[in-house]
Amino acid sequence: MSFPLDIAAVFLPLAGAAFAGFGGRRFGDLASNVATCAGVLLSAVFSVLLLASAVHAGPSERVLFAWIQSGGFSANWGIRIDTLSAVMLAVVTSVSSMVHLYSIAYMEREAGKSRFMAYLSLFTFFMLALVTAPNLLQMFFGWEGVGLMSYLLIGFWYKKDSANDASMKAFLVNRVGDFGFLLGIFGFFALFGSVDFDVLFEKAQEMSAVSFSFLGQSFPALTVLCLLLFVGAVGKSAQLGLHTWLPDAMEGPTPVSALIHAATMVTAGVFMLARMSYVFEYAPGALAVVAVVGALTCIFAASIGLTQFDIKRVIAYSTMSQLGYMIFAAGVSAYSASIFHLMTHAFFKALLFLCAGVVIHALSGEQDMRKMGALRHVTPKTYVLMWIGSLALAGIGIYGVGFSGYYSKDLILEAALGRGTGVGVFAYSLGVAAAFMTAFYSGRLLFLTFHGEPREQHLAAEHAHEASWAMLGPLVPLALGALFAGGLASGLFSGEGTETFWNGAIFVLPEHNSMAAAEHVSSVYSALPVVCAVVGFVLSWVFYVAFPEMPAIAATAFGAIYRFVYQKFYFDELYNAAFVRPTRLLGGWLWKKGDDELIDGFGPDGLARLSVRLAKRVSSLETGYLYHYAFAMVLGLAGAVSWFWFKG
């Protein structure tokens, strides 16, 4: 019997999490670190081997056990391995392993290190269960699992009110999206009679003609179900409308931010769209909505990133913007480009977050870039690594050679334009504008943090320090990925080898083949995003190095617009006024009037008060005076005699 690589790759992180979670106090932090890191590192090795075999051998599915049998519904727990799931396995485990190693040094002085490492490994396991799911129900298990772990990790510093609030916000906002996802699962079972992917994919074309009536209107069933699934993706991948949890998630430790933003939770929605490509291709209306929402998210988040000063929040908004690229790529049927950008983004985004963690660590917890400056001389290694991550994020390259983001982001934009639809042109236009903004805020982050003079005396260079290699070491593989992963993999994710590489893992209708059309896009339109990125970097240098007074002048000139963007378009305030405050008022009214006055007032509290009043009345008859008792006996005797007299 051959070694079960798939089982080992998925369940080793779970084994490490179990050891650290249940045995951390007994065996100590060192043993927990070794167990969790070894589990994820071995899983990464096995995942790479699975990817190599999946490309050549094609899809395979292993049923581990029958999970649910109820009437006509059945769902197995299994492991589905094809190129798509293998790519995700490799990305998730490789990035997660570097985050695990980094966390050993970063969390060295924190209490509860074994618990933290257990959470990281369990987070990784849930993501692996999600991407290897053979049906929608198991995918939902992983989907909810990563939501739960994000709650626990964001709120790891549970004595900090802002961390508790952020974790609860992430949990509740995602419940909104997950409700839509769950309705979609119910709908697919009602329509297809199964939630297994093989059944859904086989019957998708047949079911594309089915419609249903609601309020006198007819709706295409497949489009509605795909939109319900997309509601879940909007929540998990922080798209416009359900995005407000993502920036606040920065309240957790920096390794948590890196793992959430690079390889796990936020990429789940992108993966789901690619996994369900067989179904979405027959729901063009849903694809159009996906493309528009992704494009709007892309430009929306990039514009906010221009105005923020918290170093982690700037990177967080860049994640949201890059997710917009991935989502609208799926909306124009460029699923291969979407997963390609997911892969390259995982490397440079994890690199950026972990570099930000080094800076924060060096400055004793300071995150405000307005208080930094001149760190390039003190943290030169981090400075170089941050440049690599920023140039990859901006997609800098020339003549077909560049950083990883150059290959994947430009491929998305070319595919959107090549789609030849109004939605595709719309997405391309906003994507190009976002490319300029991305480069500008990336340069802004670099120049505010590492250039100029220290803006706070207690953060001056002599009080800062470079991190040890225990923290810098895991950044090197991520930097190599940010440098070379895009160029090395571009031939697999685009061009003639794409179909062979995917080997049936994703599906695109011939008339939707935007990837093929991307090869014929004019070189002018192909070069435009790179030109905009270079201009953005140069302009950021002008603003923050050459003429540092320019940002204040620009902020004053734009006035209300600047304040509107700086306040994140007032989404939090709007939701607070529309949902949070009314809910609190209603809850308070139901508590005081409904629970206290009505239920308790007439229920247990009311009965208790009545008993007390009756007891007081009755006790007033017990005076202790002999003549009172004698008078009562005379009255009783007279009453008894009278009763017998009248009776007789």
Could you grab the distance from atom CG of Asp82 to atom CZ of Arg275, nearest 0.5 Å is fine? 4.0 Å

Tightest non-hydrogen contact, residues Cys532 and Val432, listed as SG-CG1, 3.6 Å

Can you confirm if the aromatic rings of Phe46 and Phe3 lie within a centre distance of less than 6.0 Å? yes

Audit row: Leu393, Leu352, side chain to side chain contact (heavy atoms under 4.5 Å, CB included) steps and yes/no: CA-CA 9 Å; Leu393 171 62; Leu352 286 171; 3.8 Å; yes

Testing the 3.5 Å rule here: is there a donor-acceptor pair between the side chains of Thr344 and Tyr407? no

Starting at OG of Ser97, measure out to CG of Leu41 and round the result to the nearest 0.5 Å. 5.0 Å

Trp502 ring center near Phe493 ring center (under 6.0 Å): yes

Could you tell me the separation between the CZ atom of Phe501 and the OG1 atom of Thr83, rounded to the nearest 0.5 Å? 5.5 Å

Closest contact, heavy atoms only, Thr264 versus Met127: O-CE, 3.4 Å

Could you check whether any side-chain heavy atom of Ile7 comes within less than 4.5 Å of a side-chain heavy atom of Ile79, counting everything from C-beta outward? yes

Before we go on, tell me: are the rings of Phe300 and His243 under 6.0 Å apart, centre to centre? yes

Any donor-acceptor N/O pair, Ser490 side chain to Gly487 backbone, under 3.5 Å: yes

Can you confirm whether or not the ring centre of His261 sits under 6.0 Å from the ring centre of Phe353? yes

Which pair of non-hydrogen atoms, one from Gly155 and one from Ser167, has the smallest distance, and what is that distance? N-CB, 3.6 Å

Is a donor from one side chain sitting under 3.5 angstrom from an acceptor on the other, for Thr36 and Ser121? no

Side chains of Leu483 and Phe403: does their closest heavy-atom pair fall under 4.5 Å? yes

Is the side chain of Ser321 donor-acceptor paired with the backbone N or O of Cys298 at a distance under 3.5 Å, no angle test? yes

Working for side chain to side chain contact (heavy atoms under 4.5 Å, CB included), residues Arg313 and Asp248: CA-CA 8 Å; Arg313 280 184 180 268; Asp248 291 352; 3.1 Å; yes

If every non-hydrogen atom of Ala163 is compared with every non-hydrogen atom of Glu251, which pair is closest and at what distance? CA-CB, 3.8 Å

Can you check whether Thr93's main-chain N or O pairs, donor with acceptor, with Ser43's side chain at less than 3.5 Å? no

Examine distances only and state if a side-chain atom of Arg444 and a backbone atom of Gln308 form a donor-acceptor pair shorter than 3.5 Å. yes

Can you check whether Gly481's main-chain N or O pairs, donor with acceptor, with Ser404's side chain at less than 3.5 Å? yes

Side-chain heavy atoms of Thr124 within contact of Met149, under 4.5 Å: no

Of all heavy-atom pairs between Ala394 and Lys409, which one has the smallest distance, and what is that distance? O-NZ, 3.2 Å

Flag if over 12 foreign heavy atoms under 6.0 Å of CD, Glu110: yes

Side chain to side chain donor-acceptor pair (under 3.5 Å) between Thr267 and Lys236, intermediate numbers included: CA-CA 8 Å; Thr267 63; Lys236 274 290 180 289; over 6 Å; no

When rounded to the nearest 0.5 angstrom, what is the spacing between CD in Glu466 and CG in Leu375? 9.5 Å

Ring centre gap for Phe537 and Phe440 strictly below 6.0 Å: no

I'd like to check Pro247 versus Lys312 (side-chain heavy atoms, cut-off strictly below 4.5 Å). Are they in contact? no

Is a side-chain donor or acceptor of Ser85 paired with a backbone partner of Arg80 at a separation under 3.5 angstrom? yes

Gap separating the CE atom of Met437 from the OG atom of Ser540, nearest 0.5 angstrom: 14.0 Å

Do side-chain atoms of Thr319 reach the backbone of Ile315 as a donor and acceptor pair under 3.5 angstrom? yes

Below 6.0 angstrom between ring centroids: does that apply to Phe27 and Phe19? yes

Between Ser442 and Ser390, is the side chain to side chain donor-acceptor pair (under 3.5 Å) condition met? List the steps. CA-CA 6 Å; Ser442 297; Ser390 298; 5.0 Å; no

So, Phe328 versus Tyr325, ring centres under 6.0 angstrom or not? yes

Do Arg370's NZ or CZ and the ring of Phe309 fall within the cation-pi criteria of under 6.0 Å and 45°? yes

Apply ring-ring contact (aromatic ring centres under 6.0 Å, His included) to the pair Phe126 and Phe141, showing each step before the final yes or no. CA-CA 8 Å; Phe126 279 122; Phe141 171 85; 5.5 Å; yes

Gap between atom CG of Leu152 and atom CZ of Phe171 - 0.5 Å precision: 9.0 Å

For the backbone of Ala90 and the side chain of Ser94, can you confirm whether one donor and one acceptor N or O come within less than 3.5 Å of each other? yes

For Leu50, is there any backbone N or O sitting under 3.5 Å from a side-chain donor or acceptor partner on Ser53? yes

Pairwise side-chain contact, Leu51 with Val55, heavy-atom cut-off 4.5 Å (strictly under): yes

Judged by atom type as modelled, is there a donor-acceptor pair below 3.5 Å linking the side chain of Ser237 to the main-chain atoms of Val266? yes

Any heavy-atom pair between the side chains of Gln367 and Val359 that's under 4.5 Å? no

Nearest heavy-atom approach of Glu519 to Gly495 is OE2-CA, 3.6 Å

Phe348 vs Leu478, test: side chain to side chain contact (heavy atoms under 4.5 Å, CB included). Steps then yes/no. CA-CA 7 Å; Phe348 59 72; Leu478 297 174; over 6 Å; no

Do the ring centers of Phe340 and His345 come within less than 6.0 Å of each other? no

In sequence, state the C-alpha distance, the side-chain angles, and the governing distance for Ile360 and Glu366, and then conclude on side chain to side chain contact (heavy atoms under 4.5 Å, CB included). CA-CA 5 Å; Ile360 295 167; Glu366 184 57 64; over 6 Å; no

Just so I know, are the side chains of Leu492 and Thr498 near enough to count as touching, which here means a heavy-atom distance under 4.5 Å? no

Under 4.5 Å between any side-chain heavy atoms of Ile327 and Gln239, yes or no? yes

